[in-house]
Every structure is written in C-alpha cells, then in structure tokens.
Amino acid sequence: MEKLKILLAVVFSLGMASAASLGVVQTEGGSVQGQNIPLDRIRSVDVFKGIPFAAKPGTFEKPKPHPGWDGILKATKFAKRCLQISMLQTSSFGSEDCLYLNIWVPHGQQVSSNLPVMIWFYGGGFMVGGSMGPNFLNNYLYSGQEIADRGNVIVVSVGYRVGTLGFLSSGDSRLPGNYGLWDQHAAIAWVHRNIRSFGGDPDNITLFGESAGGASVSFQTLTPHNKGLFKRAISQSGVAFCPWALNKNPRKVVEEVAEKVGCPTDDRMVACLKSTSAVTLTMAAPLVTQGSPDYPGVKNLPLSPVVDGDFLPDQPVNLFHNAAEIDYLSGVNDMDGHLFTIQDIPSLGNKTQETPIEDVKRLLAAYTKEKGQAGMEIAFAEYSSNWGSPPSQTTIKRTAVDIGTDYIFLVPIQTAIYLHAANARSGRTYSYMLSEPSLMAGPAKPFHDWVGADHADDLQYVFGKPFTTPKAYGDRHRDLSGYMIAYWTNFARTGDPNKGNLKVPATWPEFTTTEQQFLDINAKMNESSIGQKIRLRFVHLWTSILPSLPSHADNQ
Ligand SMILES: *[C@@H]1O[C@H](CO)[C@@H](O)[C@H](O)[C@H]1NC(C)=O
Ligand SMILES: *[C@@H]1O[C@H](CO)[C@@H](O)[C@H](O)[C@H]1NC(C)=O
Ligand SMILES: *[C@@H]1O[C@H](CO)[C@@H](O)[C@H](O)[C@H]1NC(C)=O
C-alpha cells in the first residue's frame, strides 16, 4: 500500500514536472490565473473560466469595456448564464452580469504560442443557452478540452444576452435590438486584442456555433463591424436566412412585452421598458407554445436579431460582400427538422400511432401560407412525387420530417452557402451534411429506426463526447468525433479542412457555385462520401418555384 502511494506520488510529480502552463496571464483588464489540467505525461490544458470581456451591460444598451480589476482574478469557475427563462417558462435564472468567456489552451512539453483560435457561440433559439452548455456528470457539453487537445487549437466559449434582454427591439433607433449580437462582437474583439497573451494567433481566429449560434456566426460574418477581427467561420445548422433567425416584425413583439409588464405602447414605451426590472422583462418574453401542424412551433420564436441599420445595415442577402475574405464552412444535419416536426405533429414521433396525410398537408400549408392554396398544392405534389400508392407510414412520416428539415434549416443554409461562394474573393466555401443515425433511433429506443442526424446531434461529436464519456458511445462514434474534430480544427488552422495537423477520411472539395459539392459526414464515410447539389428539387421548390407565385394579400 505504502509502496503504491510512493509510486503514484512519483508518477504524479513526473507528470507535473513536465506539464507546461501559462501561469498568470496579463490581459487588458488585469491578470488572470486559470487551472492547469495534465492530460498525460506530456500534454496539458490550461483552462480559464469566467474572464469578463465587457462590463455588466445596461438594459438595452450595447456592451461597454470592463473597468478592470486589481490583483489576480482566479478564473476557475464558470460565470452565471445570461438571465433567461427556465425550461417550463415559469421562472428565470442567471444574471445580467454575464459577459464572460472561457478559454482552453493546450500545451505540449513547451508552453504554446501562435495557436489557431476557435470561438464558440451556443444555440438556444436566441432565448436560452450558456457558454458551458448543459452539464452531465460534471461533464459540460461545451467544454473545449477535447477540441483543444486533439486539434492543438485554443477554444474560447462566450456568453451573450438572450431573450428580451438580448433581442427586444422597437424596430427603430429608440430600441434598436441586437444586443446579444453586439455582445458576441465585443467578445470577438476582446479575443483579437488579448489572445496573444494566452498563446493564440490573433490573425487566425475562427468562429463556430450551432443553431442560433450558427446563425449568430453567420450574422457576425455579414456585419461590417468585424473587419479584420477574424478569418474563418463555421455555421452548424443555422444561418441568417433561417425563418427563425431574423425578426421581420419586432414592433408587434415589443408591444406585446410592453403590455405584459404594464408599459404604455406610445411614445413613453421605451423609457418605461428601460426602467422595468431585468427579471420582469425576461419573464415577459412571448411564451413559446406547443406547435401544431397549423401553427408550427418554429414560427413561434419572436425574439431574434433584426435589421437595425447598424449591426445589420441591410437585409442579410445584401451583406455578403462583408464576408468576401472569410473562409466559410457550413452545413445541416440530414434530419435537423425531426426534433421540431415531432412537436408539431405528435403522432409522427410515436411508434404506435399513424400520421394522417392530412397532417403533412397542414404542415406544408402553414409553411407556404403566404402563397395560399396554390403554394401548398405545388409543394405537396413535389414532396409526394415519389410516394407509392398508398404510401407507407414510414414514407408519410419521413416526408413530414423532410419538410421540416428543408424549411427550418436545409434550404436557408444552402442559400447562405451559395451566396458566400458567389460573393467570395479570397474566402473559401465548404458545405456538409451530417447523416449519422440518431442515438435515440432503433428497436428498443424512443425514435423510429429510420431517424438520422437530428437537431443538435452534431454537438456531441464536435465536442468529443464519445471520448470524454466513452461508455455512452461506441467505436463508430469515436471515429466520427475524430473526423469532425479533424475537419473543424484543420479548417481553423489553414482554411482548408483537409490540411492541418489531423488526418481526414475523405478529401472535402471546396463548394463552387457551378458544382455545389458537399461532404456527407458519418462514421462510415470514405473517399466516396462526396455529393453535389443537396436536395436540388426541394431547394429549387423553396428558392425559385414558390417565390415566383403571387403572395396572398393577408400574408403573415
Ligand atoms: C495561421 O496559422 C497557420 C499555421 O500556424 C499559418 O501558416 C498561417 O500563416 C496563420 N495565419 C493565417 C492568417 O492563416
Ligand atoms: C403513443 O400513442 C399511444 C397510443 O395512442 C399512447 O398510448 C402513448 O402514450 C403514446 N406515446 C407517447 C410517447 O406519446
Ligand atoms: C464507401 O462507403 C460506401 C458506403 O458505406 C461503400 O458502399 C463503398 O464501397 C465504400 N467505398 C470505398 C472506396 O471504400
């Protein structure tokens, strides 16, 4: 026993002796000290949690620089999430004082320098979310450790305001909105100014994010305010064109919130809102209600970015020149709409219930509402063109999921990828589709066995969860996770997902407007996993055929 203790002590001290660490780091606000986590005898990661990148923000104000601090800030605890509504929408939690970021810096025998940097923006529908992500068994979803270690890059995750405090807008300059996007911008600028002290290369910064975080990344590439601050960007399952990503009628939402908190909706509204407590404002967010085929839940995310004439000087479609020098990698999960569509049509996800064709038509009618009956019929004809007679339940259900995936994610993402490539000068463009079957699909599992990559399935692979919680996964998931980390970090290092420190299973061709190549990502991928023109017929339906129909007078 005693011998074992001594042996362990020796091994432990050897490990410590060789672990390189940054120690105390000077930033513009003061010095910070994180924690060094040894990974093996050679490698370690310095983790800094809860570094402020801006002061506590005023209600509906842009973020301001942090005043700084004396002494050494112990950066060893995640800061609170930005104030947000709880899952049941009956209470709120978090803090207004939430503009903090976390940093993971990998080291080998020597302290690192000049590493590529990846900045993560969480999803959560612009309503909820946190820089650390949900926590299972003390394992935070957005821990940057695996990416940092395997890819030899610095990972940064940042907090930004969400809900009413992040995105309420009066649609004019009195309450312009986009506070959460300004927070993200402030974080990017902070990283650009300070990351060299952490061993990062300020000229090699890549943004990445998923869902609302992916759309956020897209907005950060389109704004004119980030010139020179970052080089590359990755949007997973979310872009500026997603129907939930841009609020076209902020006035309606602000009046609803004003009425809820007892503010007048006339000239006095903005002053009254600004003097309302942050918790009251947070709780006054329009409720996200259960969807139905006639009112799909995704139409129900009213707090999102707006064209404010400042952060977004124009409609996103007119801002791609700002992204012309940025390398852009973006993609979709092959059943990204599953999670949402099973809410709208509950029978869809229930293995013992049949889904009537009528429900598929109602969902399609809701998505094509402004084109009236004609739009629904043309769209339905397209989606049912390969159906058998009668169609099987699997065919009907899969079609409904396809409709949700196309409308909520896939088509807008293809539009953004295409426009990026069409407007690029030095910037490259890469497109992917993740097609790994859902872990929840199968005979003794909740989902139908045909369910592919659902919304947010990509997160676990990008953040290396199959390595950190090996029992929850199989070898195929570790293969896939390794592939995604390789492509993502190679891209951050060189602008080409194929070139960098890590080997990849297939050469990912650049997306060009003529060929429109994409990479089909899954655990069994190989050199043949290249496709062209994702779901061409349906992209054509939503981007060309439907828009050419006359709009209904009372469109919404
Ligand atoms: C980024 O890092 C790579 C690898 O260290 C280096 O070759 C490159 O010059 C750096 N800068 C840019 C802007 O890519
Ligand atoms: C599925 O449908 C069956 C039969 O209608 C019902 O009893 C069951 O509760 C449903 N399951 C779920 C998970 O909703
Ligand atoms: C690539 O994978 C596909 C699908 O699993 C398989 O059919 C094909 O034979 C593989 N090709 C090569 C070159 O390994």
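Hydrogens, waters and symmetry mates are skipped; everything else that's a heavy atom, side chains included, is used. As the structure lists them, so they are numbered: ligands from 1, and atoms in each ligand from 1.
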- Sequence neighbours left out, what passes salt bridge (charged side-chain N to carboxylate O under 4.0 Å, His left out) with Asp294? Give chain and number order. Arg362
- Message: I want to know whether Trp488 and Tyr461 have ring centres closer than 6.0 Å.
- Response: no
- Does Phe78 have its ring centroid less than 6.0 Å away from the ring centroid of Tyr140? yes
What short N/O contacts, under 3.5 Å, does ligand 3 make with the protein, listed by atom pair and distance?
residue, atom, partner, partner atom, Å
ligand 3, 2 (O), Asn526, ND2, 2.3
ligand 3, 11 (N), Asn526, ND2, 2.9
ligand 3, 14 (O), Asn526, ND2, 3.2

- Item | Close aromatic pair by centroid cut-off 6.0 Å: Phe409 and His455 | yes
- Per-atom filter on ligand 2: closer than 4.0 angstrom to a heavy atom of Thr352 are 1 (C), 2 (O), 3 (C), 4 (C)
- Message: Would you compute the distance between atom CG of Asn152 and atom CZ of Arg43 and round it to the nearest 0.5 angstrom?
- Response: 5.0 Å
- Item | Value rounded to 0.5 Å, distance of CG in Leu549 from CD1 in Ile378 | 4.5 Å
